[in-house]
Amino acid sequence: MIQSIVRTEKYDEELLFNAVCRHFETLKIADELKPEMKVVIKPNFVMAVKPEAAATTHPLLIKSVVRWLREHGINNITIAESSGGLYTQEHLRKIYNVCSVAGAGMDELLNFDTGAGPVSTRAGFANGSFNIINPIREADYIINMPKLKTHGMTGFSCGMKNIFGVIPGLEKPQMHYRWPDINDFSKMILELDMTVAPQLTLVDAVEGMEGNGPTGGDKKYFGYTFAAKDMYTQDCYIAKCIGIEPDDIVMLRLAREAGLANMDAVTFCGDEFTEKVIPFAIPDTKRLDFVDRVPGFLRKPAGFVMKRLLKSYPKVDTGLCVGCGRCAESCPSHIIRIKNKKAHFTKRGCISCFCCQEMCPMKAISVKRAL
Ligand code: SF4
Ligand code: SF4
C-alpha cells in the first residue's frame, strides 16, 4: 500500500492544489481515469457548520480536486453527501451554503438528487443490501474526502466512517437503532465500506477535530493531508499519528482482522511525518469507558456489569439549548421531546448512540454516566 503524505500548512488555494497534484502524481491517479467516467467526490458535510469549525471537509481542498480533475479532462463530476438530518433538496442547499462549498466555483457539481436505491453487499452482516444515495450508486470512480476527527461513538472518524454518509438522511439514525452495540455497528460500517469501495481516500487533516467529535469537539491544528487507495490501512496509520492505537477502535480492528488493513506493508511517499504523533483529545464517551482498559479475557463479563453501571447518557445544558429540535429529529429511539423551547431526554430507551450530540448546533449536549 502506498501512503502519500504532504505537509499542508494552511487552507490556501494554491498550496492545496499543489498538495493534490503531489498526492495524485504519487498514486498515479491519472492512469485510472478516463474522460467518460462519472467521478463522485464524497466529502464530510456532517452538518451545516462553517469550515472554520473543523467539522467538515474544507471547500478549498474539494475545489483543488475538482480543478485537478478538470485539468485532466474529467468533467462528469458530482459532489455528493447525505449529512445528518433530512435528505431533502432544501436541507442540501443549506448544507452547501453553510459549509461554503456553494459559491466556490463548483455549484453545478453539487448533488440535488435525493433518490437512493439498494446495492447488494459483499458480505452477509447487513441482510444483503444497503440503501445508498444515487450518485454513489452510479459512480465509476469515488474520491472519499473525510475530515480527520475523533468521534463520540466510534472513537475515530476518517476514511472508513466517512462512508456512512452514503446512507440517505434519517436512515442513519435508524441504523444506529438497529445496531446499537459498537461491535455490530462497526461490522455494519466495515461491510458498507467494502460495498462502496472508494477508489481513493484523500484526508483533510490540515485542521481536524479533537474531543467530542464529530461536531461538538475542538479544532485541532494538524498541518497535513494524506492520500491512499487503501483507506483501511491509511485509517490505521492516521489513528496512530493522533495517538490512538488502531486496535482500540473496533472498526479498524475488524478491518485488520479481515485482512483489509495491513500496517506491515506500507510504502511512505512524499513528506516525512516528522512529529511522529500529534495527540488528539479523546471523546468524553471513550475517556470514561473503563471496559476498554479491562484485560481482554475479562471484557465480556466486565462489559456486562460495566455497561449497566457505567452506561453513558446525553445530558442537556438548558442554558445553551435553543429548542431547535435537531436532536429529537435524529434520535433513533424517539425519546427526546421539545417542551418550552428546551430538549428533554429520558434514559429509558436510550441506546447511547450520541446522534443527538452530533446534530446539536449549540454544543448543548454532553455525556454523563449512570453512576
Ligand atoms: S439540545 Fe441542541 S439540538 Fe437539541 S433542541 Fe437543544 S439546541 Fe437543539
Ligand atoms: S437520546 Fe441521544 S444518545 Fe440516546 S438514543 Fe437518542 S440520539 Fe442516541
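No hydrogens, no waters, no symmetry mates; every other heavy atom, side chains included, goes into these values. One-based numbering, in listed order, for ligands and for the atoms of each.
Protein contacts to atom 6 (Fe) of ligand 2 involving N, O or S atoms at a distance below 2.8 Å are Cys331 SG.
In summary, the atoms of ligand 1 found under 4.0 Å from a heavy atom of Gly323, numbered by their order in the structure, are 5 (S), 6 (Fe). Those atoms of ligand 1 with a heavy atom of Ile365 less than 4.0 angstrom away are 1 (S). Near Met362, the atoms of ligand 1 lying under 4.0 angstrom from a non-hydrogen atom of the residue are 7 (S). Every atom of ligand 1 is numbered from 1 in the order shown, and the set under 4.0 Å from a heavy atom of Ile338 is 5 (S).
Considering only non-hydrogen protein atoms, atom 8 (Fe) of ligand 1 sits nearest to Cys324 SG, 2.3 Å. The protein heavy atom nearest to atom 7 (S) of ligand 1 is Val322 N, 3.4 Å. The closest protein non-hydrogen atom to atom 2 (Fe) of ligand 1 is Cys360 SG, 2.4 Å. What sits closest to atom 6 (Fe) of ligand 1 on the protein, heavy atoms only, is Cys321 SG, 2.4 Å.
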Going by atom type alone, with no hydrogens or angles, which donor-acceptor pairs under 3.5 Å involve a side-chain atom of residues 151-174 and a protein atom two or more places apart or on another chain?
residue	atom	partner	partner atom	Å
His151	ND1	Met153	N	3.1
His151	ND1	Thr154	N	3.2
His151	ND1	Thr154	OG1	3.3
Thr154	OG1	Phe156	O	3.0
Asn162	OD1	Lys42	NZ	3.2
Asn162	ND2	Lys42	O	3.2
Asn162	ND2	Asn144	OD1	2.7
Glu171	OE1	Asn131	ND2	3.4
Glu171	OE2	Asn131	ND2	2.8
Lys172	NZ	Ser82	O	3.0
Lys172	NZ	Ser82	OG	2.9
Lys172	NZ	Ser83	O	3.0
Lys172	NZ	Ile167	O	2.9
Lys172	NZ	Gly169	O	3.4

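The aromatic ring centres of Phe222 and Phe273 sit less than 6.0 Å apart.
Within the structure, the side chain to side chain donor-acceptor pair (under 3.5 Å) test picks out the following pairs touching residues 208-220 (sequence neighbours left out): Asn212-Asp284. Every pair passing side chain to side chain donor-acceptor pair (under 3.5 Å) that includes a residue from residues 26-35 is listed here, sequence neighbours excluded: Glu32-Tyr141, Glu32-Lys229.
Because its NZ or CZ atom is both nearer than 6.0 Å to the ring centre of Tyr313 and within 45° of the ring axis, Lys347 counts as a cation-pi partner of that residue.
Enclosure of atom NZ in Lys342 by more than 12 non-hydrogen atoms of other residues, nucleotides or ligands within 6.0 angstrom is indicated.
With values rounded to the nearest 0.5 angstrom, Glu108 atom CD is found 9.5 Å from Asn75 atom CG.
Formation of a donor-acceptor pair under 3.5 Å by the Glu9 side chain with backbone atoms of Gly223 is not found in this model.
Smallest separation of non-hydrogen atoms from Phe112 and Arg93: CE2-N, 3.8 Å.
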Exercise for the section: Let me see the working for Asn76 and Val39 under side chain to side chain contact (heavy atoms under 4.5 Å, CB included), right down to the final yes or no. Expected result: CA-CA 6 Å; Asn76 191 349; Val39 175; over 6 Å; no

